[in-house]
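One is the number of the first residue; the rest follow in order along the sequence.
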Amino acid sequence: MGSVLAASSPAPPPAPGSGVVQGAPGLVSVPPGFSMPSVPPPSFPGQPAGETGSPLPNPGTYEECHRKCKEVFPIQMEGVRLVVNKGLSNHFQVSHTVTLSTLAESGYRFGATYVGTQQTGPAESFPVMVGDMDNTASLNAQVIHQLTSAVRSKIAIQTQQHKFVNWQCDLEYRGDDFTSAVTLGNPDVLLGSGIIVAHYLQSISPALAFGGELVYHRRPGEEGAVTSLMGRYTGNNYVATLTLGGAGAHATYYHRANDQLQLGVEFEGSMRTQETAVSFGYQLDLPKANLLFKGKLSVPRQHSYSVRPLGLIDPFNVIDWPEFIHLLSQV
């Protein structure tokens, strides 16, 4: 499956001291049209700028590891979508989104973002409140606050018309050379159900980081846990990330060829469904023409063989090479 997206280039970053928050990857996913602040590594009084107590840098968050590659891929959609963003002040902005499609559901969404006055950096302010509501009165809302220089919290809720569907609470701590986070989702004390997700990411060297994830879920008559390990290597112009766990494998490779061209490759394999998928994407930025192009080519494959250890999987059997070569010839 192939897809190509053309859009205007993103606006230039705001000038320091303007009060406008520049978007950056973080602990949460951001609705279209919104921007979120990044969290810098913690600093301490009396410490010179640019120096930390540890020779290793902070590795960022666990959820950001594959994001660099995923940002290259375009957003898949069927139909037409119109997004209008309007900044009412330095701390408040609204958005209007209209979606028209013959395959998916058409509708309208109104969104709003409020950025507080507590500045933690030249282009960072807290608290941040993000929300959007569609024409059926279904709400998605998030509140993010920087409690200290190293601790950040988030509360997110989701409703479907007048019923609460999901809610979660996150707490993230960033040390000198590590990041840990805990997420509690849909807890129910009466039924004894809920989901707990724990992340830990540690810098081993300036370019190498290792981490792990633990997901524990419980509900009446069922409980279980899934663990995974992750490694990331960051070069001068590329990032390679690999995640292995009981659910399968996930690998991404991001490469910045030059100032205009970025490439990404993603591999996903599921042990439960015995399916694999390989995706190739590119992002081409033409600043002089104020244009941004994105493209993606996916090659899915379903297997009928029994599950084997990851080290014994043959890459020539995982990927349907004749089908892949045929798709390349049509691009």
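- For E223, the CD atom is densely surrounded, since the number of other residues' heavy atoms within 6.0 Å is greater than 12.
- Although no hydrogens or angles enter the test, the distance criterion places a donor-acceptor pair under 3.5 Å between the side chain of T159 and the main chain of L139.
- Crowding of Q118 atom CD: a count of heavy atoms from other residues, nucleotides or ligands under 6.0 Å exceeding 12.
- A salt bridge links R219 to E222: at least one charged side-chain nitrogen sits closer than 4.0 Å to a carboxylate oxygen.
- Put simply, L100 and Y108 are part of the same group of oily side chains (I, L, V, M, F, W, Y) that touch within less than 4.5 Å, one to the next.
- For R218, the CZ atom counts as loosely surrounded, since its 6.0 Å shell holds 12 or fewer non-hydrogen atoms of other residues, nucleotides or ligands.
- Applying the salt bridge (charged side-chain N to carboxylate O under 4.0 Å, His left out) definition to pairs two or more places apart or across chains, those involving residues 96-120 are R109-D132, R109-D134.
- A tilted orientation is assigned to the rings of Y114 and H91, their planes being inclined by 30° to 60°.
- Test K70, K68, K296 against E266 for salt bridge (Lys or Arg N to Asp or Glu O under 4.0 Å) and you get one pass: K70.
- With ring centers used as reference points, H96 lies under 6.0 Å from F110.
- Taking the six-membered ring where tryptophan is involved, the planes of F178 and Y173 are tilted, since the angle between them lies from 30° to 60°.
- The ring-ring contact (aromatic ring centres under 6.0 Å, His included) test applied to F92 returns no partner, not counting sequence neighbours.
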